[in-house]
Enquirer: 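Right, I'll just put the structure down here and ask away after.
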2 protein chains.
Amino acid sequence: MTAMARKQIRGEALRERVLDIALELFSKQGYFNTSIHDIRRQAQVSIGAIYHHFESKEALARGLYLQLLDRIDAEIDAILMEQERCLARSRAVVSLLFELTEAEPQVMQFVLLAKHSEYLPDEPPICSSSPFVRMRQVLEEGIVAGEVRQMEPWVAATAMFGGAMRMMNLRLDGALQKPLPSYLDEVVECGWRAVLT
Amino acid sequence: MTAMARKQIRGEALRERVLDIALELFSKQGYFNTSIHDIRRQAQVSIGAIYHHFESKEALARGLYLQLLDRIDAEIDAILMEQERCLARSRAVVSLLFELTEAEPQVMQFVLLAKHSEYLPDEPPICSSSPFVRMRQVLEEGIVAGEVRQMEPWVAATAMFGGAMRMMNLRLDGALQKPLPSYLDEVVECGWRAVLT
DNA sequence: GTCTATAATCCGATAGAC
DNA sequence: GTCTATCGGATTATAGAC
């Protein structure tokens, strides 16, 4: 019990602590400006412990990236189960992204805005990841259902969600003073007008 | 004349050659994956020559960034002189961005899509740079003129240009098969519907 | 499983000749 | 102005004790 008494962290808890700190530093400083020693110092663990749980710095970043992407994907999945119509789905997705950006800016910074291809060379581009594919499908199904006018699906998807993503970008860069959800109605209305029949 | 006979490059020509190669490598591999030695090798110049023209690797990247930003700004300036109305201006800007992305993908990759804050920590975020400010002003003036409906200017600008910028992103990531200009009409129509009175 | 110490490598920048 | 050679430092990853 002395180990626990000294508040040392071990096993799975240590692994998750390292992931937490890595997310914080990667999103704040970027992958290349963050050394393994930075993570070691902030997480108060040893280099050896980190390399016991992760094969390499790149594998650590990849694990973090895929885990967070999965989480977002699960939340989008839940929305698609709940909502049937294109407008309601789109609104719920934008709302989710806006809320997440406010609640966990680091997650959005790291997952959606970072240039993963520079440090995860073998990962497919994020636009082909499941959350983005689902978002495009929302629009494609809207076209089939006649809720969205006949148009190139890529254009429909970027028209619906592109403005929202730029707003997230501006918020994370400090350009927007007010929290994103306060813009939700206007942003969704713009996106919907853009694709409406 | 022996130096020229050996096709050695000197002076201003060398400086520009270094900038060219730096753009190519930075945009293809990223800033941190590109070493000064990579640039030296590809440009066939010496380390000493590079450090004679540029104070540091960071200063080299900053010079490149500001130069390309200025160039885009000048082109947007020309559009604003030519066109008076909001729709025509917006269309011309999107057209310019699309053409530029096809003609010089590296420029757009490096200027618009890279995370400059990671290696140019003292530069202001790109959303506060002149081209982006002008693009927002186009929409603000459209609101004043009654061409665009009354709305939050940030939302209007992201609604008009956000979809186009996502399309550029998709094209640079290899997701879109057809060149961007073939989507111009649809993209501009979407943006305009989004903000139309 | 976790630790410390260190190996092996690479990078940005400088020195000094020409 | 341009070159070559090299320094000092930081980084990732490993070795081996506990």
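In what follows, every chain begins at residue 1, and chains take the letters A, B, ... in the order their sequences are listed.
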Enquirer: Among Glu24(B), Arg17(B), His37(B), which residue meets the side chain to side chain contact (heavy atoms under 4.5 Å, CB included) test with Gln42(B)?
Expert: Glu24(B)

Enquirer: Under 4.0 Å, heavy atoms only, any strand: does Ser35(B) hit a base, just the sugar-phosphate, or nothing?
Expert: sugar-phosphate

Enquirer: Check this for me: does any side-chain nitrogen of one of Lys115(B) and Glu118(A) sit under 4.0 Å from a carboxylate oxygen of the other?
Expert: no

Enquirer: Starting at atom OH of Tyr51(A), determine the distance to atom P of dT11(D), rounded to an integer number of angstrom.
Expert: 12 Å

Enquirer: Expressed in angstrom and rounded to an integer, what is the separation of His52(A) atom NE2 from dT14(D) atom P?
Expert: 14 Å

Enquirer: Reading DNA chain D from 5' onward, which residue's closest nucleotide shows up sooner: Ile36(A) or Ile50(B)?
Expert: Ile50(B)

Enquirer: In plain terms, say whether Arg89(B) and Glu82(B) are close enough for a salt bridge, that is, a side-chain N and a carboxylate O under 4.0 Å apart.
Expert: no

Enquirer: Rounding to a whole Å, what distance do you find between Phe54(A):CZ and dT14(D):C1'?
Expert: 18 Å

Enquirer: Going 5' to 3' along DNA chain C, between which two nucleotides do contacts with chain B fall, using a heavy-atom cut-off of 4.0 Å?
Expert: dC11(C) to dT14(C)

Enquirer: Can you find a side-chain donor-acceptor pair between Arg91(A) and Ser95(A) that sits under 3.5 Å?
Expert: no

Enquirer: Salt bridge or not between Glu104(A) and Arg71(A)? Use side-chain N to carboxylate O under 4.0 Å.
Expert: yes

Enquirer: Would you compute the distance between atom CD of Glu152(A) and atom CD of Glu140(A) and round it to the nearest 0.5 angstrom?
Expert: 9.0 Å

Enquirer: Find which nucleotide of DNA chain D each of Gly48(A) and His37(A) is nearest to by heavy atoms, and output the residue with the more 5' nucleotide.
Expert: His37(A)

